[in-house]
Protein chains: 2
Amino acid sequence: MRENKYFSIYQEWAEKIKAGELKPGEILPSENEMAEKYQTSRETIRKALNLLSQNGFIQKIKGKGSIVLDINKMSLPFSGIISFKEVTASLGIDVKTIVYEFGLIKPDLFLQKQLQTSAKEEIWKVVRARKLNNERVILDKDYFIKKYVPLLTKEICERSIYEYLEGELNLKISFAKKEILVEECTAEDRKYLDLKDFTHIVVVKNFVYLEDATLFQYTESRHRLDKFRFVDFARRGL
Amino acid sequence: MRENKYFSIYQEWAEKIKAGELKPGEILPSENEMAEKYQTSRETIRKALNLLSQNGFIQKIKGKGSIVLDINKMSLPFSGIISFKEVTASLGIDVKTIVYEFGLIKPDLFLQKQLQTSAKEEIWKVVRARKLNNERVILDKDYFIKKYVPLLTKEICERSIYEYLEGELNLKISFAKKEILVEECTAEDRKYLDLKDFTHIVVVKNFVYLEDATLFQYTESRHRLDKFRFVDFARRGL
DNA sequence: TAGTGGTCTAGACCACCGA
DNA sequence: CGGTGGTCTAGACCACTAG
């Protein structure tokens, strides 16, 4: 995929740690050794190791070395911007997706604010429920600005929209802002989800930006209380 | 504080952006210009700019430059490991802390698992409620391993434990794993919080590690549903 | 003291963007 | 085309850890 030297070194060691070839507590070869081994400079090795550190694979300790962390305890840094399909696939869960709404709309005032766009802009609206173990527990409401996503079909929505955007449309997602809070259930929630007698619902609002810092998607992911879980790995300072 | 060249350059520009001296959409001086201005190498400038990028202040675009993002829309990357006091102080909210429990305990099985420690280990237990606008809406249950925190007093708990740990004890917090989920309210929640008729509560579990990757604290922060909000800024890929 | 990671330098070549 | 950021190099000095 990306063929940077430092990135492939990062991947190689990330794989080794994930596969358990290196146990938690073990120390990696020193930066000088690795620079020698890969026939590269130490700064390049350091970029790879910094990635491992940022993603919770290792801890670098001055004067000692880089020690492997317990990624099971870290529970994978799945905090980032990953799509629903990526999460469930990596956990091996069987999921069904039901598309309830699909089409082009003009944004109302709320959407104009969220997407920072005008009333004339055309927007794709997609409403989907996610079924785990035969229960509809997550409601995803996606809004894409048509300017950046010219074509979308119901079939794509039933699979993974992100695979399509990044794979076929070659859109480059750059960063996202997430906001998590709890709201009272709406009539729509009750209509499209198997809510039992829960009165509230966890809402994850997601603003997704492209490489040139333009906002192109707003998503509301509404999770039944008992099925919500969010994990975050963070380094202090920087 | 830290007197790295790249870190102080990072701080300088972060301040400028926070203060609004640079408006969203403006572009920063090029890396070469800055290297010239600060009489340093371009790699050092790049380290500073990468920090700005990772923390949501700017977006770097190949061939164009570094453009300022709207940090209000980003809502500050307060996703990291910050203490309650830091958050509220930065938002200018008035908060009172009530200490309900304070003392040394031996860990039960649950705590032994969470803190990865033996039954003989001594643990500081602190239970505090946070009062916003005269309502107790957050219950913080902190557990510190005494080995790393020899002394703790009720007075410190009423202020900020983290100020004490980092300032006076000079403990270096390195990283943390956060887990967010929703549970049913317990009798303890009802006893120490003004819960109204909420049946569930947002639980933030926090595992905090020191520089040498040893776990030294486990915290459960229990938020009343209507008062919970979590913001996260994440870059895709890396 | 020898080895480690942390910072920094002064170059280099490349892919990308705008005029 | 010139300027931008992205990658990479081969050094250097430092602070820290361990034996």
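Within every chain, numbering begins at 1; the chains are lettered A, B, ... in the order of the sequence lines, protein sequences first and strands thereafter.
Using a 30° and 60° split on the angle between ring planes, A:Tyr148 and A:Phe216 fall in the perpendicular class, above 60°. Between A:Phe228 and A:Phe230, the two ring planes are parallel [angle under 30°; tilted spans 30° to 60°]. Taking the six-membered ring where tryptophan is involved, the planes of A:Tyr143 and A:Tyr218 are essentially parallel, since the angle between them stays under 30° and well short of 60°.
For the residue pair A:Gln59/B:Ser174, the side-chain donor-acceptor check at 3.5 Å is satisfied. Under 3.5 Å, the side chains of A:Gln11 and A:Tyr6 contain no donor-acceptor pair of N or O atoms. Between A:Gln54 and A:Tyr10, the side chains place no donor N or O within less than 3.5 Å of an acceptor N or O (distance only, hydrogens not considered). No donor-acceptor contact under 3.5 angstrom links the side chains of A:Asn32 and A:Ser30, judged on distance only.
To the nearest angstrom, P of C:dC8 lies 14 Å from CG of B:Leu49. In this structure, A:Lys62 places its NZ atom 12 Å from P of C:dG5, rounding to the nearest Å. Rounded to an integer number of Å, the gap from B:Ile9 CD1 to C:dT9 P is 9 Å. Between A:Ile45 atom CD1 and D:dC8 atom P there is a gap of 10 Å when expressed in whole angstrom units. Computed from coordinates, the B:Leu28 CG to D:dG5 P distance equals 9 Å when rounded to whole Å.
Listed by residue number, the members of residues 32-44 of chain A with any heavy atom below 4.0 angstrom from DNA chain C are A:Glu33, A:Arg42, A:Glu43.
OP1 or OP2 of D:dT7 lies within a sub-4.0 Å distance of a side-chain N or O belonging to A:Tyr6. Side-chain N/O atoms of A:Lys5 include none lying less than 4.0 angstrom from OP1 or OP2 on D:dT7. For C:dG6, one of the phosphate oxygens OP1 or OP2 lies less than 4.0 angstrom from a side-chain nitrogen or oxygen of A:Lys60.
Comparing B:Glu31 and B:Glu211 by the nucleotide of DNA chain D that holds the closest heavy atom to each, the one mapping nearer the 5' end is B:Glu31.
When distances are taken from the side chain of B:Ser30 to each of C:dC17, C:dG5, D:dT4, the shortest belongs to D:dT4. Of all nucleotides listed (C:dG5, D:dT7, D:dG5), D:dT7 comes nearest to the side chain of A:Asn4.
Counting any heavy atom pair closer than 4.0 Å across all strands shown, A:Ile61 reaches sugar-phosphate atoms only and no base atom.
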